[in-house]
Amino acid sequence: MDMKFLVVDDSLTMRRIVINALKTLGYEGIVEASDGKEAIAKLMTEGVNFVITDWNMPEMNGLELTKWLRSNPQFENIPILMVTTRGNKDDVIEAMKARVNNYIVKPFTPQGLKEKIEQVMKSVSVDN
Amino acid sequence: MSSDYPNNAAIMKDVLQLLREIVPLLESVRRSIQESAKHIPNASEQLSKVSKATESATVEILDVIDALSMQFSKAQEHIQKFQQELATLHTNLFNNITAVKAGITDSEALSHIETIEQLLQSYSTEKFFDGLLSLLESSKQQYTSIAMALQVQDITNQQLVGISQIIDTVYQYLSTALNRFDHGVEESSITNLEDPKEIVVDINAQYTKSPERQMTADEIVRQWQQENGK
């Protein structure tokens, strides 16, 4: 299956860093959005099958985006990887309750990103 | 009762004296708040400028890294292509030498041809090209590390924006306090304080290479998945 990633972050530099890391890992299908609302618009039209989202964003944050996706039958099983600076235990628990598939604390490494993508893909394929 | 009058008078006198002292003190507090408040918008603006400048510089560095990445990839492609062409040339030369050797009867000419063959066999370009490609690969990894280190911009920017929002909130409170000094609590109560703006950044963001925070997150994720049968 050709993977198409949606990278959601309000920071332009962070989006570019995540996209560069994905390209380094050999992934080419990538679209981007600067907040949750823009992400939903992209999800509707771009045929995305993996979401990498930041948490703190204006308009609609990553947690709200996750909750929206999980409550929408079209996207309820889409893999979601949260990549955020929020590293407190309570934050991680809140994200897991919202049903993200995995969690990366910034700053991340390409290797760390690769491992988490693979873990998510593995768990998703087991579920299906 | 009448014996209390001198005491009451003394108390009144003390209260008046206190008021006389409090008024200039309050005026001094007011001036101090006013003076401090004047600098706050400037501080917030300065932080915003720092934030924009670092973002702009980071984008410039990322542009250079992208350009480098493309140039290195092209260089790798050219080198690999050249390496293949050289290998083909090498094979062709050997084939031709073998053909020529088969047709030579003169021993001196044969000896020359064999010398050429030995020279070709002893000269291998493989090591050189492998070394060059490995050098390029290692350079690529180094500039990828530079790009990853630029996450510091996003992380420190969140701290700056968070602090800036706190400064704005403090300014708002100080402005209201000043307004109350000038117009009295009753009158100024018309201008209620707005709710502080929602902070959409993580003010506790940290740029650290310590794996501890990720390990904690991993442990929580693992437990969560176990409990939920994932």
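Atoms considered below: every heavy atom in the structure, side chains included; atoms not considered: hydrogens, waters and symmetry mates. First the proteins, then the strands, lettered A, B, ... as listed; each starts at 1.
Heavy atoms of B:Asp66 lying under 4.5 Å from chain A belong exclusively to its side chain. If you measure heavy-atom distances from B:Gln153 to chain A, the contacts under 4.5 Å come from the side chain alone. Residue A:Met57 touches chain B through its backbone alone, counting heavy-atom pairs closer than 4.5 Å. The part of B:Thr208 that comes within reach of chain A is its backbone (N, CA, C, O), which places non-hydrogen atoms under 4.5 angstrom from that chain. Proximity to chain B (any heavy atom under 4.5 Å) is restricted, for A:Thr109, to the backbone atoms N, CA, C and O. When heavy atoms are compared at a cutoff of 4.5 Å, A:Lys97 approaches chain B by way of both its backbone and its side chain.
A distance of 5.0 Å separates CG of B:Leu120 from CD1 of B:Ile97, quoted to the nearest 0.5 Å. Atom CG in B:Leu89 sits 5.0 Å away from atom CG in B:Leu93 (nearest 0.5 Å). Here the CG-NZ distance, from B:Asp202 to A:Lys106, works out to 9.5 Å after rounding to the nearest 0.5 Å. In this structure, B:Tyr173 OH and B:Thr169 OG1 are separated by 7.5 Å, a value rounded to the nearest 0.5 Å.
Contact count against chain B (heavy-atom pairs under 4.5 Å) is highest for A:Pro110 among A:Pro58, A:Gly112, A:Pro110, A:Ala21. For chain B, the option among A:Val18, A:Ile104, A:Asp9, A:Asp54 with the highest count of heavy-atom pairs below 4.5 Å is A:Ile104. Heavy-atom pairs under 4.5 Å with chain A peak, among B:Asn157, B:Asn204, B:Val59, B:Thr144, at B:Val59. Taking A:Arg16, A:Gln119, A:Met14 one by one and counting their heavy-atom pairs under 4.5 Å with chain B, the maximum is reached by A:Arg16. Interface summary for chain A: among B:Leu62, B:Thr58, B:Thr216, the most heavy-atom pairs under 4.5 angstrom belong to B:Leu62.
Against chain B, the residues from residues 85-94 of chain A that qualify, each with a non-hydrogen atom under 4.5 angstrom away, are A:Thr85, A:Arg86, A:Gly87, A:Lys89, A:Val92, A:Ile93 in number order.
A side-chain donor from one of B:Gln214 and B:Asp218 sits under 3.5 Å from a side-chain acceptor of the other. Inspection of the B:Glu219 and B:Gln223 side chains reveals an N or O donor paired with an N or O acceptor under 3.5 Å. Under the 3.5 Å distance criterion, with hydrogens and angles disregarded, no donor-acceptor pair is assigned to the side chains of B:Asp154 and A:Thr13.
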Would you sort out whether B:Lys38 and B:Glu35 count as a salt bridge (Lys or Arg N to Asp or Glu O under 4.0 Å), showing the intermediate values? CA-CA 5 Å; B:Lys38 262 199 284 185; B:Glu35 197 55 34; 3.3 Å; yes
Walk me through whether A:Phe75 and A:Met44 qualify under side chain to side chain contact (heavy atoms under 4.5 Å, CB included). CA-CA 10 Å; A:Phe75 302 111; A:Met44 296 293 186; 4.1 Å; yes
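Outside the 6.0 Å centre-distance limit, the rings of B:His78 and B:Phe82 are not counted as a close aromatic pair.
B:Phe72 and B:Tyr143 have perpendicular rings, their planes meeting at more than 60° on a 0 to 90° scale where under 30° would count as parallel.
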